[in-house]
2 protein chains.
Amino acid sequence: MKQRLAAIGTVETLPHRVAAFLSREIESGELNTGARLPTEQELSEKFGVSRNVVREAIAQLRADGMIEARQGIGAFVLAPEQRAAIRIDREALKDTHNMERLFELRCILEAESAALAATRRGKEHLDSIKAALDRMGGEERWEEGSIDADLLFHREIARATGNSYIHTFISFVCEQIRQSIHYARLTNPLHDLVEINVGEHVRIYDALVAGDPEAAEAAMRAHIIGAANRVGVKLPLSKTGGAK
Amino acid sequence: MKQRLAAIGTVETLPHRVAAFLSREIESGELNTGARLPTEQELSEKFGVSRNVVREAIAQLRADGMIEARQGIGAFVLAPEQRAAIRIDREALKDTHNMERLFELRCILEAESAALAATRRGKEHLDSIKAALDRMGGEERWEEGSIDADLLFHREIARATGNSYIHTFISFVCEQIRQSIHYARLTNPLHDLVEINVGEHVRIYDALVAGDPEAAEAAMRAHIIGAANRVGVKLPLSKTGGAK
DNA sequence: CAAGTTAAGTTGTAGGATGATATGTATCAC
DNA sequence: GTGATACATATCATCCTACAACTTAACTTG
């Protein structure tokens, strides 16, 4: 559990740096859609690295659907719509404003998913959700274990929708927020003692047990807005005061 | 030595295949979190490929935050929470059931985002949305240009929320659906003539102009459900009949 | 026994060689 | 001159070997 931090402080390898450079060039529009990249040889000379390194960098971009390499011709920049992956820049997570955007996206995803889960959850779903709830029950402060339990709680609800894509997306967004908060706490120790509001979680769980989609959605929305507030993010959602 | 793959006109490269294999092993749990991967040499022998190919495959998985490689030690499987990217398997898009799931996710994302856009859109947003609307206006059938205009319409609305993450996610999901439909049309020519319902788009646009979030959300929800139906997908959403 | 040294194993990088594929060019028959 | 075929070139795909950097464990030595 504790080697999580080791992973965050990733060592920059040469392929990663080359990929980041090319990626920025594409994002910034210096390499437009359809443009042909320099040959591997040219790139290896330009960066002063071996062709192997360039190939590993290109392999990354290719996996993301950013470029397409054709044997005998070259590598070309693909249209932004053809990306096969969503990738969120770690650096961007350190910006509080981005945290606000992430919370907003999370709220949209989770509120309605909670409503879906309320109508589709089976008994085993309720059991695993309850188990996660119990794990964070006793805690009043945000410690590692409680955060894990909190995220597990949300993931299990997402899983109860029966839609694997919803589960994937919610898990992803939640983890980005977790890391964003982690960065925020490093620079601002004030956030060090942020409580988890167990009551909000219980209300969500109760609505799921009752099979009441509207109550589940309202409870989830209130919870996420509350959670955002507790880390210093005000959510300017249109539905904040909606009577549900 | 083993050029069995080379003969086929493969779009699939060897690194991609190795990455897919390892990725499946990790997803299926055969390689648990924290487990160490075989050495590059062992993998290259196992798959009958060069170490270079293995390295390119590992570079992919590493970029996704799936594994972490440490010099002198080995490569280790990271926790699912540490994934830095969402990637949707192209093969999965060919399954109609997955298309249903994607539409469901899209509905969740776009409905509420439309409400947000209604309260935040500026004049320039409305202009670009209108431009996209005009581009598909004359067409009654789904042709490539109209599909592009349709997707642009939705992307511009997402952009009007002012939340770049929402824009990214919606663009991504829409593109996955486009490709999923593309596959479906290849195998089932019945879907060849599916009309775009311009009226539904106009209603969304009008609600955005009026700045009415609830009307925008309802119109968007109705549109996506309609669009799903027109390609043969029934959306079992909880709010389908909601009185708005 | 403790501390430093060495050796082996693994990933990171370099560089060259060969096969596969697309494109342009030159040659040759007519 | 025109068209088709063969050749040459450029580029990516893959393979191979070698060495550097790093980690671990065994070994040596005082």
Side-chain angles (χ1 to χ4, degrees), chain A residues 2-3 5-7 9-23 25-26 31 34-78 82, chain B residues 1-23 25-26 31 34-78:
Chain A
K2 292 155 192 167
Q3 69 273 33
L5 306 179
T10 55
V11 204
E12 265 205 353
T13 102
L14 285 180
H16 181 264
R17 276 162 67 173
V18 173
F21 184 91
L22 292 175
S23 177
E25 263 194 340
I26 292 173
L31 285 170
R36 177 165 164 268
L37 270 69
T39 67
E40 295 175 354
Q41 179 107 32
E42 285 168 348
L43 287 174
S44 74
E45 287 169 5
K46 174 177 179 181
F47 293 110
V49 300
S50 79
R51 213 183 127 232
N52 265 333
V53 169
V54 173
R55 279 195 62 81
E56 283 189 32
I58 289 183
Q60 283 180 225
L61 301 182
R62 214 153 57 141
D64 287 358
M66 229 173 193
I67 68 176
E68 174 192 31
R70 285 179 356 208
Q71 192 168 345
I73 311 177
F76 301 86
V77 179
L78 290 180
Q82 301 184 273
Chain B
M1 29 190 72
K2 299 179 183 177
Q3 313 87 321
R4 39 190 175 175
L5 312 176
I8 318 171
T10 56
V11 185
E12 263 200 0
T13 70
L14 286 180
H16 181 265
R17 293 186 110 184
V18 173
F21 184 92
L22 291 176
S23 178
E25 262 194 340
I26 292 173
L31 284 170
R36 178 165 164 250
L37 271 67
T39 69
E40 295 176 353
Q41 180 139 24
E42 285 168 349
L43 288 174
S44 73
E45 286 169 5
K46 174 178 178 180
F47 293 111
V49 300
S50 77
R51 193 176 148 229
N52 236 321
V53 169
V54 172
R55 280 194 62 79
E56 282 189 32
I58 288 183
Q60 271 181 236
L61 302 183
R62 211 150 63 138
D64 288 357
M66 225 172 202
I67 68 176
E68 176 193 30
R70 295 197 326 227
Q71 190 169 351
I73 312 178
F76 301 86
V77 179
L78 290 179

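Letters A, B, ... mirror the listed sequences (proteins, then strands); counts begin at 1. As the structure is a prediction and not an experimental result, all values here were calculated from the model.
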query = At their closest point, which heavy atom of A/G74 faces which heavy atom of A/R36, and how far apart are they?
reply = CA-NE, 3.9 Å
Closest contact, heavy atoms only, A/A57 versus A/A19 = CB-N, 3.6 Å
Could you state the atom-to-atom distance from [atom1] of [X] to [atom2] of [N] in whole Å?
X	N	atom1	atom2	value
B/E42	C/dT10	CD	P	7 Å
B/R55	C/dT13	CZ	C1'	8 Å
A/E68	C/dA22	CD	C1'	14 Å
A/E45	D/dA10	CD	C1'	14 Å
B/R36	C/dT11	CZ	C1'	10 Å
A/F47	C/dT13	CZ	P	14 Å
A/I67	D/dC12	CD1	P	10 Å
B/E56	C/dT11	CD	P	16 Å

Which nucleotide in the set [options] lies at the smallest distance from any side-chain heavy atom of [X]?
X	options	answer
B/E40	C/dT13, C/dT11, D/dC15	C/dT11
A/R62	C/dA22, C/dG15, D/dA13	D/dA13
A/V49	C/dT10, C/dA14, D/dA18	C/dA14
A/P15	C/dG12, D/dT14, C/dT13	C/dT13
B/L14	D/dT14, C/dA14, D/dT11	D/dT14
B/I73	D/dT23, D/dC12, C/dG12	D/dT23
A/Q71	D/dA13, D/dA18, D/dC16	D/dA13

message = When you measure only distances, ignoring hydrogens and angles, does the side chain of B/R70 come within 3.5 Å of the base of C/dG12 through a donor and an acceptor?
response = no
inquiry  = Between the base of C/dG15 and the side chain of A/N52, is one N or O donor paired with an acceptor at under 3.5 angstrom?
reply    = yes
inquiry  = Is the phosphate of D/dT11 approached by A/R51 (side-chain N or O, under 4.0 Å from OP1 or OP2)?
reply    = no
ask   = Does C/dT13 have OP1 or OP2 sitting under 4.0 Å from an N or O in the side chain of A/S50?
value = no
Charged N-O contact under 4.0 Å between A/R62 and A/E68 = no
query = Is B/I58 touching bases, backbone alone, or none of the nucleic acid, heavy atoms closer than 4.0 Å?
reply = nothing
inquiry  = Tell me whether the NZ or CZ atom of A/R70 lies within the 45° cone about the ring axis of A/F76 and under 6.0 Å from its centre.
reply    = yes
inquiry  = For the CD atom on A/E45, are there more than 12 heavy atoms of other groups (residues, nucleotides or ligands in this structure) within a distance under 6.0 Å?
reply    = yes
